[in-house]
Amino acid sequence: FAPYLWAQSLNGSTGVLGLTADVDVDFIDALGDLELGYMGAFEARYGRWGITTDLCYAELGESFNTRDVLFSGGNVNVQQLLGNLAVSYRVFESGTTAVELYGGARLNWIDVDLDISGVEGGFFSRSGDEFWADAIIGARFQTSLGGPWFLRVTGDIGAGDSDFTWQAIGILGYKVSESFHVGIGYRGLGTDYQDGGFTYDITAHGPVLGAEWRW
């Protein structure tokens, strides 16, 4: 079991009903709007085979003002769930190095609620959600750097409902004990998805800090 913190920054573009906006949000700005979040992975192994789940959930809320002659401001609430489910097979293993190939699915769900207040009172609400899934294939490499230190590199690509999705992770780890490891690194994940008037062409990237319990 591996809970972690992924300090995401977001770059790209997103849009609804043909209206597209550029996105350039760093982690500090996103953290200020965070209301609830969870990030964690779980892996079960049997011999050379493994199954892994990785979930990231975030709920963001923000109030805003407008200069519109009809509207004075409002609130927006965004919920997003990103999930990876993969089956892996260890194709190479020595005393210090292991290489695994994996395949599975990446799932995305986004829900947006928007409330806007009128200048002279009253308000209206809009909400909508999108769900999409992609097949992914990838590889994971881990090797000892001497003593308790190790390096882990993971990468995958995929497509399906999205035109293209990719992920790359690099982790420098330290074995505190045989059953407890800590690590720090960097993760990037890109998604290019379009459905009707909805566009989500975003790269999420940033430092990762986490721990692993093994039993």
Side-chain angles (χ1 to χ4, degrees), residues 4-41 52-64 66 68 71 73-86 102-116 124-138 154-170 185-208 210:
Y4 61 87
L5 171 65
W6 181 19
Q8 296 183 38
S9 296
L10 304 176
N11 301 101
S13 61
T14 187
V16 178
L17 299 178
L19 299 176
T20 302
D22 292 333
V23 176
D24 186 8
V25 179
D26 62 29
F27 172 68
I28 298 301
D29 292 336
L31 184 63
D33 298 328
L34 182 67
E35 296 181 348
L36 180 66
Y38 167 81
M39 299 175 183
T52 303
T53 61
D54 184 357
L55 295 177
C56 295
Y57 174 80
E59 183 173 344
L60 305 174
E62 183 177 16
S63 300
F64 59 88
T66 72
D68 195 283
F71 306 111
N75 299 284
V76 60
N77 182 269
V78 179
Q79 300 178 71
Q80 182 172 12
L81 177 66
L82 168 68
N84 292 325
L85 175 63
Y102 66 86
R106 177 167 298 135
L107 311 176
N108 286 271
W109 173 74
I110 295 178
D111 181 82
V112 179
D113 295 310
L114 178 66
D115 298 322
I116 298 181
F124 73 90
S125 299
R126 292 291 184 271
S127 63
D129 67 288
E130 286 281 336
F131 173 83
W132 66 94
D134 299 304
I136 57 172
I137 56 172
T154 304
D156 60 57
I157 58 173
D161 291 335
S162 297
D163 293 331
F164 185 66
T165 183
W166 63 270
Q167 176 178 234
I169 309 172
Y186 204 87
R187 181 183 188 183
L189 191 152
T191 303
D192 184 2
Y193 171 76
Q194 298 182 44
D195 179 32
F198 181 81
T199 300
Y200 186 85
D201 186 5
I202 296 291
T203 297
H205 61 94
V208 176

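As a basis for the values below, the full set of heavy atoms in this structure was taken, side chains included, without hydrogen atoms, waters or symmetry mates.
The nearest pair of heavy atoms linking T191 to S162 is CG2-OG, 3.6 Å. Across all non-hydrogen atoms, the minimal contact from Y4 to C56 is OH-SG, 3.1 Å. Residues A133 and L107 approach most closely at CB-CD2, 3.5 Å, considering heavy atoms. Residue T203 comes nearest to H205 through the heavy atom pair O-CD2, 3.9 Å, listed as atom of the first residue, atom of the second, then distance.
In this structure, R187 pairs ionically with D54, as a charged nitrogen and a carboxylate oxygen lie closer than 4.0 Å.
Under the rule for a side chain to side chain contact (heavy atoms under 4.5 Å, CB included), the partners of I137 that lie at least two apart in sequence or sit in another chain are I157. Listed by chain and residue number, L10, V23, Y200 satisfy the side chain to side chain contact (heavy atoms under 4.5 Å, CB included) test with I202 (two or more places apart in sequence, or in another chain).
Annotation: the span from D26 atom CG to Q8 atom CD amounts to 12.5 Å, rounded to 0.5 Å. Between F198 atom CZ and D129 atom CG the span is 9.5 Å, to the nearest 0.5 Å.
Taking 4.5 Å as the limit, every side-chain heavy atom of M39 sits out of range of all side-chain heavy atoms of L55. Inter-residue side-chain proximity for Q80 and Y57 is flagged as unmet; no heavy-atom pair is nearer than 4.5 Å. In this structure, N108 and I110 have side chains that are not in contact, with every pair of non-hydrogen atoms separated by 4.5 Å or more. You'll find the side chain of L82 reaches within 4.5 Å of the side chain of R106, heavy atoms only.
Using modelled atom types, one finds a donor on one side chain and an acceptor on the other under 3.5 Å when comparing Y102 with D156.
Applying the salt bridge (charged side-chain N to carboxylate O under 4.0 Å, His left out) definition to pairs two or more places apart or across chains, none involves residues 188-207.
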Begin with the C-alpha distance, continue with both residues' side-chain angles, and end with the deciding distance and a verdict on ring pair (Phe, Tyr, Trp, His ring centres under 6.0 Å) for Y193 and W132.
-> CA-CA 8 Å; Y193 171 76; W132 66 94; 4.1 Å; yes
